[in-house]
Amino acid sequence: MTSLAAELSAVVSAAFAAEGLSAKFGQVQASDRPDLAQFQCNGALAAAKEAKANPRQIAQKVADRLKAGPLFAKVEIAGPGFINLDVTDAALAERAGAMSADDRLGAPETGRGKTLVIDFGGPNVAKPMHVGHLRSAIIGDCLQRLFRANAWTVVSDVHLGDWGLQMGQLISEIGRRGTAPVYFDAACKGPYPDESPVTMDDLEEIYPAAAAACKADPARLEEARRATAELQAGRPGYLALWRHFVKVSERGLNREYSSLGVTFDLWNGEASVDPLIAPMIEDLKRRGLAVESEGALVIEVAEPGDKKEMPPLLLLKSDGAVLYGTTDLATIVDRVKHYDPELILYVVDQRQHGHFEQVFRAARKTQLSGKAILEHAGFGTMNGADGKPFKTRAGGVMKLYDLIAMTTDEAQKRLAEAGIAGDYPEEERNDIARKVGIAALKFADLSNYRLTDYIFDLARFTRFEGKTGPYLQYAAVRTQSILRKAEDEGFAAAAPVVRSPEERALVLQLLGLPGAMEAAEDKRAPNILCEYAFELAQSFSRFYAEHHILSEQDADLRAARLGLCRLTVDTLAKVLGILGIEIPQRM
RNA sequence: GACCCCGUAGCUCAACCGGAUAGAGCACUUGCCUUCUAAGCAAGGGGUUGCGUGUUCGAGUCACGCCGGGGUCGCCA
């Protein structure tokens with residue numbers, strides 16, 4: 001199935017071609033002026049520019065050819081040469097029927113036969129997740145769902161930060177405290193205890209203390225560096241301690257991602273590619289691509305024509321330890337070997353753009369990335385109302401766990417106020433509150449364009465009216481409710497028809513699904529889907545307010561409207577599913 | 001200093017390849033629950049798109065220059 005806009009583009013393109021003009025001018029899009037037409041084509045203006053001709057004349061010739069077809073209810077030329085198009089109600093209803101009959105609802109298949117590796121999350125061992133981690137988790141999860149929906153084979157990887165200097169900082173801090181001496185006893189050959197000497201709470205306290213100490217005292221930093229190098233060199237006690245850190249952290253992280261409904265196919269860490277590093281470096285040295293510079297081993301990535309200085313990618317520090325560019329490069333080697341992807345997407349803070357530029361250049365130069373296109377889908381920073389990173393009143397960074405709890409609490413309050421769920425079982429009430437809270441959170445984040453910095457506003461994340469996640473859920477819930485009642489009454493559904501302005505608008509919106517999914521994939525932009533879903537819910541709510549469905553006496557019309565409800569709820573469910581938003585049975 | 005991102009309504013954000021009258025939500029004003037859930041629907045006010053110049057039939061969008069905010073710039077991640 002193709003989208004209606006794509007179908008119209010093909011028809012209009014053929015008309016341009018028949019006039020001896022390039023078919024590329026036949027692009028049709030939803031109209032910017034819905035009051036004037038459903039669709040528009042601006043190609044006559046561009047064609048006129050190229051051919052140095054009169055745009056209205058070109059538009060007229062194309063329009064004359066279009067008028068001959070049965071598809072259009074209206075073909076008009078407006079302004080300097082826009083071609084405005086309305087499709088017949090019969091054609092709209094027919095497309096809606098076809099969409100209902102397709103279990104993919106006409107979703108694009110841009111990824112058929114292609115593999116995507118998507119890297120997001122990127123939490124660090126021993127550091128609790130705070131609101132800053134929200135964006136990578138939510139945007140990354142949405143993109144993996146979107147690519148899957150568009151028929152890509154998707155492999156997602158949390159890419160745990162478990163192999164850098166911070167590990168050395170933790171180890172040296174614990175060594176100084178003397179709370180787990182067995183791991184530091186060089187004479188001890190193991191085995192080491194199964195029980196972790198630290199809990200997640202311990203780590204959350206130890207890491208900031210260690211980081212602060214290293215910042216204040218160069219000697220401490222040097223000590224942490226040495227510990228990092230020894231860990232990476234395989235010192236048994238350090239490795240055993242490190243395994244505890246990772247295990248303890250993974251449990252905590254998993255809990256937080258689960259509460260957001262975010263999942264990963266792989267829980268690989270930077271450390272998992274460590275065995276690949278030595279051979280990779282040997283290979284790069286042999287090929288003359290890794291060279292020594294200022295005591296470190298680097299890959300030069302500057303290219304002629306660079307506007308800015310492009311420092312080399314550091315593979316090995318002068319003390320022999322690896323850096324995150326090194327593990328990133330080795331991770332590419334690993335992913336190419338295992339999955340041979342068409343695309344590797346990194347959903348990481350935009351501030352790391354420069355780093356990825358270096359890594360990608362190095363990967364291409366060394367041909368380690370195979371056929372894969374490497375792309376950084378960055379996102380903007382989340383700030384507080386004062387333009388600085390969001391803090392709690394106590395001054396600490398707000399933890400993700402607490403944020404989720406707050407949105408859920410607000411949803412509980414809302415349910416109590418509305419008095420709707422008073423008679424529901426407590427379990428269901430909790431479930432609704434959780435789904436509504438998460439929906440508010442995710443939609444508020446995803447509806448912003450990926451790259452803009454945005455202001456974290458707790459009130460916004462706990463808002464349930466207007467352009468919010470709960471509004472979308474509410475539209476779906478009301479539709480489900482109608483369908484349930486219709487079933488109780490024994491009313492059957494039939495293919496949709498278009499007999500009113502509200503139905504026309506709703507069907508047009510429904511038919512826009514494939515286009516929205518394709519555009520969102522192209523731009524890696526969840527906000528396009530948010531916009532689509534919101535407009536769909538709005539179109540439905542208008543239809544709902546205007547036409548009473550179950551009391552409709554005309555049985556055929558009632559059946560057609562039930563069919564329209566069915567398609568609406570299926571479409572909403574599909575888009576909300578991609579956004580990672582669950583729909584309660586009732587709310 | 002160089003480079004990257006951003007600047008749109010009181011607030012938070014949109015605007016697909018340069019298109020017509022720059023759109024939503026919140027907040028504000030006013031209607032609508034004795035037939036499907038009012039977390040809703042309908043209507044209204046609110047804009048020199050930071051400033052300037054240029055390209056174009058046409059600029060929030062492209063180019064250049066300012067102003068303002070954020071970020072990055074070899075051994076942190």
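Reminder, nothing fancy here: chain letters follow the sequence lines and each chain counts from 1.
One P atom belongs to B:A20, the other to B:U49, and the distance between them is 14 Å to the nearest Å. Comparing the C1' positions of B:G58 and B:C62 gives a spacing of 13 Å, expressed to the nearest Å. For the P atoms, the distance from B:A63 to B:G19 is 15 Å, rounded to whole Å. Atom name P, nucleotides B:U21 and B:G25: the rounded distance is 22 Å, in whole Å.
Checking B:A39 for Watson-Crick or G-U wobble geometry (two distances, each under 3.5 Å) identifies no partner in any strand. When both pairing distances are held under 3.5 Å, B:A2 makes a Watson-Crick or G-U pair with B:U72. Base pairing of B:C64 is made with B:G52, judged by Watson-Crick or G-U wobble geometry with both donor-acceptor distances under 3.5 Å. Base pairing of B:G47 is not made with any nucleotide, judged by Watson-Crick or G-U wobble geometry with both donor-acceptor distances under 3.5 Å. Across the strands present, B:C17 finds no partner; the criterion is a Watson-Crick or G-U wobble pair with both atom distances under 3.5 angstrom. B:A9: no Watson-Crick or G-U partner with both key distances under 3.5 Å is found in any strand.
Partner of A:Glu76 under the side-chain contact (heavy atoms from CB on, under 4.5 Å) criterion, out of A:Leu85, A:Asp86, A:Ile83, A:Asn84: A:Asn84 alone.
Counting atom types as modelled, A:Tyr324 pairs a side-chain N or O with a base atom of B:A77 as donor and acceptor under 3.5 Å. Counting atom types as modelled, A:Gln29 pairs a side-chain N or O with a base atom of B:C16 as donor and acceptor under 3.5 Å. Below the 3.5 angstrom threshold, one finds a donor paired with an acceptor across the side chain of A:Asp32 and the base of B:C16. Put simply, the side chain of A:Ser293 and the base of B:G74 share a donor and an acceptor less than 3.5 Å apart.
Ranking B:C36, B:G25, B:A20 by closeness to the A:Ile549 side chain, first place goes to B:C36. Comparing B:U37, B:A39, B:A24 by their closest approach to the side chain of A:Arg586 singles out B:U37.
Nucleic acid contact class of A:Arg558 (heavy atoms, under 4.0 Å, all strands): none. A:Ala519 comes within 4.0 angstrom of nothing in the nucleic acid, heavy atoms only. A:Leu451 comes within 4.0 angstrom of the backbone, heavy atoms only, and of no base. Residue contacts shown for A:Ser318 include a base, since a base heavy atom lies under 4.0 Å away. Among the atoms of the strands shown, base atoms are found under 4.0 Å from some heavy atom of A:Gln27. Using a 4.0 Å heavy-atom distance criterion, A:Met587 is classed as a base contact. Using a 4.0 Å heavy-atom distance criterion, A:Glu465 is classed as a sugar-phosphate-only contact.
Aromatic stacking of A:His548 on B:C36: satisfied, with centres closer than 5.5 Å and planes within an angle under 30 degrees. You cannot call A:Tyr449 stacked on the base of B:A14; the centres under 5.5 Å and planes under 30° rule is not satisfied.
Between A:Glu410 and A:Lys413 there is a salt bridge, since a side-chain N of the basic residue sits under 4.0 Å from a carboxylate O of the acidic one. Comment: A:Asp488 does not engage A:Lys485 in a salt bridge, judged by the lack of any side-chain N to carboxylate O separation of less than 4.0 angstrom.
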